[in-house]
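Down below is the structure, laid out as structure tokens.
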Amino acid sequence: MDLMRKNKTSKAPRGQTLLKNVSKNRTLIWMLVIPVIMCFVFCYIPMPGVIIAFKKYEYMKGIFGSEWNGFDNFRYLIMSKKLWSLTRNTLLYNIVFIATGTVFQVGLAVILNEMLHVKFKKISQSFMFLPHFISWVVVATIMLNIFGDHGVLNQILSKLGLESVSIYAYENASKWPIVMVLLKLWKGAGYGSVVYLAAIVGISPEINEAAKIDGANIWQRIWYITLPSLKPTIIIMTLLSVGGIFRGDFGMFYQLVKGQHLMESSDVLDTYIYRTMMSTSNMGWSAAAGLYQSVLCFVTINLVNYIVKKVDPDYALY
Amino acid sequence: MKKSFWKKLAALTLALIMVMSLAACGNSGKQNDTGGGIDAGEDNPGGNNGISEDSPYRDKGFDLSKRETVVMYAIGEKPTDMDKVMEIVNKQYMEPWINTTLDVKFLSWGEMGDKYSLLLTPEGDQVDLMYTSSWCNYSSEVANGGFKELTPEFLQKYMPYSYPIQAPISWEQVSVAGKIYTIPKNNATFNTYNVFVVRTDLLDKYGDFEINSWDSMKKALITLAENERANGIYANGQRGTAEFADHLWWQNVGAEPLASGYAFMYYTHGSEDLPDWDKDVFYKFICDDTLQLYKEMAEMAKAGVWSPDRINDTTDAVDNFKSGKVASLIWNASAPTAGQDMENAGVGTYDVFDVTPDAKAQRGSYADDTVAITAKSKLPERAALVMDVLKGFDEVNNLVVGGIEGTHYIMTEDGYRQDGPDAANYNWGVWAWGITGKNSPSSYNPDPRQNKFAEICEPKEYAPLASTFTFDKTKVEAELAVIDGIVGEYEQSFNLGLFGDDTEMKYNEMVQRLKDAGIDAIMEECRSQYEAFCESHKK
């Protein structure tokens with residue numbers, strides 16, 4: 001191997017090989033230009049602004065001219081005495097979302113792949129994708145019209161002479177974590193399955209055919225061929241999701257659970273920060289909250305990546 | 001060699017990124033100069049160039065020779081006839097009088113939370129005048145240095161017509177730590193007094209109701225709930241953030257807010273005198289009367305007076321009342337108008353009731369609607385002149401606030417105003433709340449129910465001395481934000497009675513959390529500021 005590399009290098013200088021590779025993959029490189037620019041503009045250029053978290057920001061003095069105030073901007077987060085419960089809520093919700101999401105997304109991808117009837121497959125796929133395009137505001141309204149006091153469900157129950165129920169009642173606050181998980185799955189599982197579906201399509205049909213000839217049934221093929229082939233994709237997708245594990249889905253938590261009486265079980269970092277910021281427009285505080293979440297996410301993703309690297313270096317992100 | 005080339009390239013790229021980042025996020029740090037402003041020197045020979053012969057600003061010592069555009073931001077949606085009105089404002093007044101074009105832009109309610117602060121950053125678009133109020137970021141933007149400090153000298157000089165007629169109390173109400181950062185409206189209304197408007201076509205079916213107290217109102221609401229809920233009509237809709245409690249209950253109990261925009265309150269005992277801190281001042285969410293209110297709300301919620309999902313329901317309570325989905329509304333002077341709209345739509349009939357006949361009525365704070373000159377404005381003097389034109393002359397003020405006379409409003413012989421044929425395209429006071437002038441005409445309606453609100457409030461008007469007290473939150477900003485966050489977790493639920501039998505338990509829990517989060521320190525800070533205020537008023 002080393003010998004081959006040496007030979008290659010001796011044949012063509014490194015710079016030339018690079019140029020050759022660039023010219024060979026120029027279409028791919030062109031395709032990469034826009035995402036790289038986007039990433040640079042939106043992720044790297046604003047990065048120095050993070051110092052607002054340590055400053056008493058004043059408009060006319062600007063980000064760099066405003067006075068430093070140490071960790072003062074973090075005080076309100078600590079003073080609330082909710083930091084732990086908020087962080088825990090955010091983390092637990094996201095762990096459940098990622099875990100259930102992955103299982104359902106992979107499951108749906110496998111089912112879609114095994115469907116033989118093309119029309120039925122396409123219709124099912126469309127129905128699975130559709131919820132992804134509905135905003136949480138609309139989902140909240142749909143929920144209210146089905147499960148609310150005058151909603152469809154209660155109308156049916158009253159027609160049947162049964163007692164009405166409301167998931168918005170204070171007594172039912174403890175059931176909201178389940179409601180959230182179900183809604184998140186309903187909204188995201190179909191769309192999330194696209195990546196896995198693409199990965200399944202990429203599996204060489206020869207392997208499946210060989211297994212078929214060897215007498216493997218559908219379950220065996222899924223278990224021994226499809227799922228192991230999806231392993232790298234699953235790990236990468238999970239690692240990417242872990243990158244945002246301390247960020248709550250604000251749209252969902254805010255729109256679905258406007259009721260503060262349901263908050264004990266649904267207050268996450270993002271909703272708390274929003275609530276606090278509504279009474280003030282302190283940019284230093286917002287930056288401090290954002291930095292807190294980013295640092296936690298950074299530590300977590302490094303930790304998870306480290307573990308994956310230890311177990312199987314091939315699957316690590318970096 | 002090659003390695004060092006790549007290293008150099010990487011270092012260069014990194015350096016470039018850092019430089020670009022600094023350039024993008026930074027700002028020159030230079031304070032705005034007022035180069036585009038005006039020199040008010042007496043010996044300015046070219047000062048009258050560019051303005052008309054009959055301009056009231058002629059020979060006032062202003063150099064108005066250069067045409068400038070002043071940009072003002074208002075909150076809400078642009079009225080249909082805005083351009084028509086602004087054309088007259090600019091062509092007849094702004095341009096000939098002060099050689100300035102006024103450009104009014106709107107920040108919609110939806111955008112307010114996200115964009116308001118961004119508009120004040122020096123990097124953004126031109127913004128010279130900005131709507132602000134005790135409920136719309138005033139104190140926090142002052143802390144961020146978003147608004148220009150307005151000294152009495154500046155105001156006297158650049159607002160020569162409106163400053164002398166501005167209510168002196170209004171300046172006190174907008175001052176933060178003794179300094180003024182905004183120009184308040186000059187017309188305070190009874191916007192904090194609340195009345196009860198109910199559908200009489202429904203209520204009359206269940207007996208003869210005499211509504212003149214909290215309990216009689218409650219009885220009417222529960223009766224309506226018992227009989228009309230099955231028909232899909234709720235007895236009450238709960239407006240906005242369910243602040244039913246905030247106004248009517250404290251009106252009933254006889255308490256007023258101590259500082260506009262904060263939850264410090266005091267019992268007035270019907271007097272205008274400054275309250276005794278130890279006996280009368282309290283924090284709104286820690287008080288026996290608060291618990292009593294929440295119990296009342298829980299009782300009404302249990303009786304089904306309003307929808308149990310009201311908190312998750314985004315429909316507007318006023319619209320629900322107008323369309324007949326709810327049978328009553330508790331609100332200020334706008335409530336009878338909503339009743340009229342409901343009646344005009346053929347839904348039912350209405351009447352207006354004073355639930356607290358013994359309570360005094362205070363005009364709202366001038367700090368509730370103001371317009372500030374932004375710190376980044378390059379034309380602060382010109383912006384002040386624009387405000388002077390808008391507020392110092394009744395004809396201009398009526399035009400901006402109410403539209404074109406004869407089209408959008410009609411004046412009666414006795415000096416009242418009535419809706420004009422195109423009132424819907426430019427309602428009176430549709431956006432210019434912060435500009436309303438001293439002599440803004442009152443509305444008149446031949447229907448006695450429409451004048452009932454004024455008839456209720458005017459005879460019992462009083463002006464408590466404490467209404468000029470303002471609180472400077474700088475020292476306790478973090479504590480206050482945490483406290484507001486905690487209150488935010490409970491307030492609406494309490495106001496809608498959602499905790500049911502657990503109300504007292506949840507109330508105690510909230511009180512404990514407020515104490516743990518430092519409410520005592522905030523009250524102590526408020527007390528020291530209040531005592532200093534009392535001292536200054538004794539002199």
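Below, chain A is the first sequence line, B the second, and so on; all start at residue 1.
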| Which atom of A:M283 lies closest to which atom of B:T121, heavy atoms considered | CE-CG2, 4.4 Å
| field | Which atoms of B:Y234 approach chain A - backbone, side chain, both or neither, heavy atom under 4.5 Å | value | side chain
| said: Is it the case that atom CZ in A:F133 sees more than 12 heavy atoms from other parts of the structure closer than 6.0 Å? | reply: yes
| said: I need the minimum non-hydrogen distance between A:Y57 and B:N144, along with the two atoms involved. | reply: O-OD1, 3.9 Å
| What heavy-atom pair brings A:Y76 and B:V482 nearest, and what distance separates the two atoms? | O-CG2, 3.4 Å
| How long is the gap from CD1 on B:I483 to CE on A:M79, to the nearest 0.5 Å? | 7.5 Å
| said: Does B:N231 have more than 12 heavy atoms from other residues, nucleotides or ligands lying within 6.0 Å of its CG? | reply: yes
| N-O pairing of A:K56 and B:E477 below 4.0 Å | no
| query | About how many Å separate OG1 of B:T374 and CE of A:M60, when rounded to the nearest 0.5 Å? | reply | 8.0 Å
| Would the number of heavy atoms belonging to other residues, nucleotides or ligands and lying under 6.0 Å from CE of B:M505 be above 12? | yes
| Take atom CH2 in A:W30; do more than 12 heavy atoms of anything else shown fall under 6.0 Å from it? | no
| said: Under 4.5 Å from any heavy atom of chain A, what part of B:D502 do you find: side chain, backbone, both or neither? | reply: side chain
| request: Enter the distance from B:L118:CG to A:Y59:OH here, rounded to the nearest 0.5 Å. | output: 8.0 Å
| message | Counting only heavy atoms not in A:L160 (residues, nucleotides, ligands), do more than 12 fall under 6.0 Å from its CG? | response | yes
| query | Side chain, backbone, both or neither: which part of A:Y272 has a non-hydrogen atom closer than 4.5 Å to chain B? | reply | side chain
